[in-house]
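First the proteins, then the strands, lettered A, B, ... as listed; each starts at 1.
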Amino acid sequence: EPEVTQTPSHQVTQMGQEVILRCVPISNHLYFYWYRQILGQKVEFLVSFYNNEISEKSEIFDDQFSVERPDGSNFTLKIRSTKLEDSAMYFCASGPGLAVGELFFGEGSRLTVL
Amino acid sequence: AQSVTQLDSQVPVFEEAPVELRCNYSSSVSVYLFWYVQYPNQGLQLLLKYLSGSTLVESINGFEAEFNKSQTSFHLRKPSVHISDTAEYFCAVSDQGGYNKLIFGAGTRLAVHP
């Protein structure tokens, strides 16, 4: 069964460093998303991406964050200068199209900022 | 904007007992509704969804949820739980006109005891 894959599963970084989280969505999907879950809190929407551009972003997704689909298969989330409060589990998701509703999630990348 | 309230942060229950996990939502537009499950150290998996049609939806492992528009609820039930149902359960909503962005509730931790 096709699945969304994410790398790395866990990354530890120093505050102020750049981090890139990678995702390979399901191949025929058109819509891509990043969510995050701070330990013990709810899953929060960060950004959605369609047709090679951001379709919607939350207030969390500030100038320190960026997304890219560099080669037609990978979907990356970059945090330019990490802060302690960026420590969280980051989930990538993809969806086949509008009016279908269901999103398929990866297993997440745990980011720890020291 | 949509929001989701899961009234119980934790629900302890004995094996083979029935369980109900409560979910209420608010939205000014028509929505799709979902329950996702997160097993320890895993990603989010779709448990069941309501898009249209019958207000009672079922999963393959015995869970069911009923969409109640007048009460803006989408409670999850199972008549007899197993130890393996121990997990975090997230209710989520997306508006029918958007880019399938999911808004999640805070989650309910279901702990099934022998």
Find out if a path of hydrophobic residues (ILVMFWY) with successive side-chain heavy-atom gaps under 4.5 Å connects [X] to [Y].
X	Y	answer
B:I103	B:F74	yes
B:V57	B:F34	no
B:L44	A:Y31	yes
B:L48	B:L56	no
A:M89	A:V4	no

I need the [X] [atom1] to [Y] [atom2] distance, nearest 0.5 Å.
X	Y	atom1	atom2	result
A:Y35	B:L102	OH	CG	4.0 Å
B:K101	A:S58	NZ	OG	8.0 Å
B:F104	A:F91	CZ	CZ	9.0 Å

**Q.** Close contacts, residues 76-84 of chain A versus chain B, judged by heavy atoms under 4.5 Å
**A.**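 Result: none.
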(Q) Under a 4.5 Å cutoff for heavy-atom pairs, which residue among B:Q45, B:Q38, B:Q6, B:Q42 has the most contacts with chain A? (A)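 It is B:Q38.
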Q. Can you name the closest pair of heavy atoms from B:Y36 and A:L103 and give their distance?
A.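 So the minimum-distance heavy-atom pair works out to OH-O, 2.8 Å.
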Q. Near A:D63 CG, under 6.0 Å, is it more than 12 heavy atoms from other residues, nucleotides or ligands?
A.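 Not more than 12 within 6.0 Å, no.
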**Q.** Residue A:L114 excluded, over 12 heavy atoms near CG under 6.0 Å
**A.**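 Yes, because the 6.0 Å sphere around CG of A:L114 holds more than 12 heavy atoms from other groups.
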Q. Which residue out of A:F105, A:F104, A:F45 racks up the most heavy-atom pairs below 4.5 Å with chain B?
A.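 Winner by heavy-atom pair count: A:F105.
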Q | Pairing residues for A:E68 by the salt bridge (charged side-chain N to carboxylate O under 4.0 Å, His left out) criterion, not counting sequence neighbours | A |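 Counting only residues at least two positions away or on another chain, A:E68 forms no salt bridge (charged side-chain N to carboxylate O under 4.0 Å, His left out).
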Q) Side chain, backbone, both or neither: which part of A:Q37 has a non-hydrogen atom closer than 4.5 Å to chain B? A)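 Side chain only.
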Q) Which pairs, with at least one residue in residues 11-29 of chain A and sequence neighbours excluded, count as a side-chain hydrogen bond (donor to acceptor under 3.5 Å, both in side chains)? A)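 Counting only pairs at least two positions apart or across chains, the side-chain hydrogen bond (donor to acceptor under 3.5 Å, both in side chains) contacts touching residues 11-29 of chain A are A:H29-A:S94.
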Q. So what's closer than 4.5 Å to chain A heavy atoms on B:L46: side chain, backbone, both or neither?
A.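 Contact with chain A: side chain only.
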Q) How would you list, by chain and number, every residue that makes a side-chain contact (heavy atoms from CB on, under 4.5 Å) with B:R109, sequence neighbours excluded? A)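 Once residues adjacent in sequence are excluded, the partners of B:R109 under the side-chain contact (heavy atoms from CB on, under 4.5 Å) criterion are B:Q10, B:E88.
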